[in-house]
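Quick notes on the structure that follows.
None of these values were measured; they are calculated from a predicted model. In this chain, residues are counted from 1 in sequence order.
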Amino acid sequence: MVFQKVLKGINGLDNAQAQAIVDSGITCNWWRKAGTITPAERKIHLTMNNLKLHLNQYHRPVPPSNPLHSLHTGKFGEVSPFISTTAGAVERDFSTKRNLVFPPFMTALNFATDNNKSSGYIFYAYLMTVGKVAVEMEQFSEEIRNLYVYQDYQPYYRQGEIMAKIIIPSVQIEKVEGYNCTDVKLAQRRGILPAPHFTYTNPAYQAPEKLSNIQEVIS
């Protein structure tokens with residue numbers, strides 16, 4: 001088992017909402033849509049079929065044959081039991097004989113700001129992975145970027161996805177940073193990283209370093 005640090009960008013929040021998420025945990029869209037979920041329902045929805053829908057048909061309608069269709073007929077992502085996060089990725093360019101690095105910060109920032117259209121928030125957390133496919137095991141996240149585990153072609157591989165399930169508990173969230181859209185655009189023109197306008201550090205955070213070995217994000 002590996003404790004993997006990740007970033008999660010979320011758009012459409014304010015400072016109070018971002019702090020509340022840190023204090024309560026990041027829940028999946030399905031939970032927020034349903035309001036209340038049961039252990040039995042968790043077992044039903046944590047499937048490889050739903051994982052593939054989350055990865056490849058996030059913005060497409062929920063298939064009529066899917067149990068989630070009764071809850072929502074719009075985009076599957078709006079009722080997904082999975083939570084996308086990023087830990088960065090490395091891609092080899094054989095033509096130039098070099099590695100291409102895709103840092104998680106920029107991926108999370110793009111999601112947080114809706115590609116620089118509005119302000120947003122980046123959450124810093126960690127997840128547990130086991131180096132194997134374990135879709136039905138809620139406590140373990142899926143390392144989609146790991147080519148030893150997920151060997152099918154992934155069109156969004158560069159996003160460096162680590163897929164959590166149902167909820168990222170508050171104790172695994174270190175902090176949240178808020179980024180102003182205008183500041184992000186200005187920083188990009190200057191070729192520097194933007195500074196956050198808001199930071200909230202979780203007083204209940206349980207640092208994984210005291211629990212196990214840590215694998216940092218790619219930088």
Side-chain angles (χ1 to χ4, degrees), residues 1-11 13 18 21-22 25-28 51 54-55 58 82-93 98-116 120-134 139-151 154-179 183-184 187-188 191-202 204-219:
M1 183 175 67
V2 173
F3 285 66
Q4 172 68 59
K5 291 190 176 182
V6 299
L7 279 66
K8 169 71 174 175
I10 301 181
N11 185 251
L13 304 175
I21 288 176
V22 171
I26 300 174
T27 55
C28 66
L51 181 144
H54 181 99
L55 283 176
Y58 192 87
F82 298 98
I83 305 168
S84 290
T85 72
T86 176
V90 176
E91 189 176 86
R92 287 179 175 170
D93 187 335
R98 65 190 182 95
N99 288 341
L100 304 178
V101 178
F102 300 92
F105 178 80
M106 294 309 303
T107 297
L109 185 65
N110 287 337
F111 277 98
T113 62
D114 191 18
N115 293 313
N116 297 341
Y121 296 80
I122 295 179
F123 296 80
Y124 292 74
Y126 65 88
L127 302 171
M128 284 79 80
T129 64
V130 290
K132 294 184 178 181
V133 176
Q139 64 271 44
F140 299 124
S141 298
E142 301 299 306
E143 191 171 9
I144 307 301
R145 68 172 186 175
N146 189 332
L147 298 178
Y148 289 101
V149 180
Y150 284 88
Q151 299 180 2
Q154 301 295 336
Y156 305 107
Y157 172 79
R158 293 179 175 182
Q159 293 179 359
E161 176 148 9
I162 311 292
M163 186 184 291
K165 305 161 188 173
I166 309 299
I167 185 172
I168 302 176
S170 171
V171 293
Q172 292 175 213
I173 304 174
E174 180 181 6
K175 63 178 179 178
V176 62
E177 294 178 343
Y179 289 87
D183 294 341
V184 171
Q188 290 181 341
I192 60 175
L193 294 178
H197 69 80
F198 169 80
T199 299
Y200 173 68
T201 301
N202 186 1
Y205 177 65
Q206 296 297 309
E209 286 81 1
K210 63 184 181 181
L211 304 174
S212 179
N213 294 328
I214 296 300
Q215 183 167 301
E216 295 285 352
V217 300
I218 293 173
S219 60

Rounded distance (nearest 0.5 Å) linking atom [atom1] of [X] with atom [atom2] of [Y]:
{"X": "Thr113", "Y": "Ile122", "atom1": "OG1", "atom2": "CD1", "answer": "8.0 Å"}
{"X": "Asn115", "Y": "Asn11", "atom1": "CG", "atom2": "CG", "answer": "9.5 Å"}
{"X": "Phe198", "Y": "Leu13", "atom1": "CZ", "atom2": "CG", "answer": "10.5 Å"}
{"X": "Ile168", "Y": "Ile166", "atom1": "CD1", "atom2": "CD1", "answer": "11.5 Å"}

Shortest non-hydrogen contact between [X] and [Y], atoms and distance:
{"X": "Pro104", "Y": "Thr86", "result": "O-CG2, 3.5 Å"}
{"X": "Val176", "Y": "Tyr121", "result": "CG2-CB, 3.8 Å"}
{"X": "Gln154", "Y": "Leu55", "result": "OE1-CD1, 3.6 Å"}
{"X": "Thr27", "Y": "Ile83", "result": "C-CD1, 3.9 Å"}
{"X": "Ile173", "Y": "Ala125", "result": "CA-CB, 4.0 Å"}
{"X": "Phe82", "Y": "Leu51", "result": "CE1-N, 3.4 Å"}

Just so I know, are the side chains of [X] and [Y] near enough to count as touching, which here means a heavy-atom distance under 4.5 Å?
{"X": "Val149", "Y": "Glu143", "result": "no"}
{"X": "Phe3", "Y": "Met1", "result": "yes"}
{"X": "Lys5", "Y": "Tyr124", "result": "no"}
{"X": "Val171", "Y": "Tyr205", "result": "no"}
{"X": "Gln206", "Y": "Gln172", "result": "no"}

Please identify each residue that fulfils side chain to side chain donor-acceptor pair (under 3.5 Å) with [X], with sequence neighbours left out.
{"X": "Tyr150", "result": "Glu142"}
{"X": "Asn110", "result": "none"}
{"X": "Tyr126", "result": "none"}

Run the side chain to side chain contact (heavy atoms under 4.5 Å, CB included) test against Ser141 and tell me which residues pass, sequence neighbours left out. Leu127, Thr129, Ile162, Ala164
State which residues pass side chain to side chain contact (heavy atoms under 4.5 Å, CB included) with Pro103; sequence neighbours excluded, sorted by chain then number. Val101
Lys132: salt bridge (charged side-chain N to carboxylate O under 4.0 Å, His left out) partners, not counting sequence neighbours: none
Without swapping roles, check the side chain of [X] against the backbone of [Y] for a donor-acceptor pair under 3.5 Å.
{"X": "Arg145", "Y": "Ala87", "answer": "yes"}
{"X": "Asn99", "Y": "Arg92", "answer": "no"}
{"X": "Asn146", "Y": "Gly131", "answer": "no"}
{"X": "Lys175", "Y": "Phe123", "answer": "no"}
{"X": "Thr85", "Y": "Val6", "answer": "no"}

Begin from the C-alpha positions of Phe102 and Val90 and carry the test side-chain contact (heavy atoms from CB on, under 4.5 Å) through to its verdict. CA-CA 6 Å; Phe102 300 92; Val90 176; over 6 Å; no
Return yes if a side-chain donor-acceptor contact under 3.5 Å exists between Glu161 and Ser84, otherwise no. yes
Would you check if there is a donor-acceptor pair between the side chains of Glu177 and Tyr200 at a distance under 3.5 Å?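 No pair is found: no donor N or O on one side chain lies under 3.5 Å from an acceptor on the other.
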Go through it in stages, so that I can follow the logic: the residues are Phe111 and Thr107, the test is side-chain contact (heavy atoms from CB on, under 4.5 Å), and I'd like the CA-CA distance, side-chain angles, deciding distance and then a yes or no. CA-CA 7 Å; Phe111 277 98; Thr107 297; 3.9 Å; yes
Give the C-alpha distance, both sets of side-chain angles, the deciding distance and a yes or no for side-chain contact (heavy atoms from CB on, under 4.5 Å) between Ile167 and Cys28. CA-CA 6 Å; Ile167 185 172; Cys28 66; over 6 Å; no
Worked check of side-chain contact (heavy atoms from CB on, under 4.5 Å) between Met128 and Gln139: CA-CA 7 Å; Met128 284 79 80; Gln139 64 271 44; 5.7 Å; no
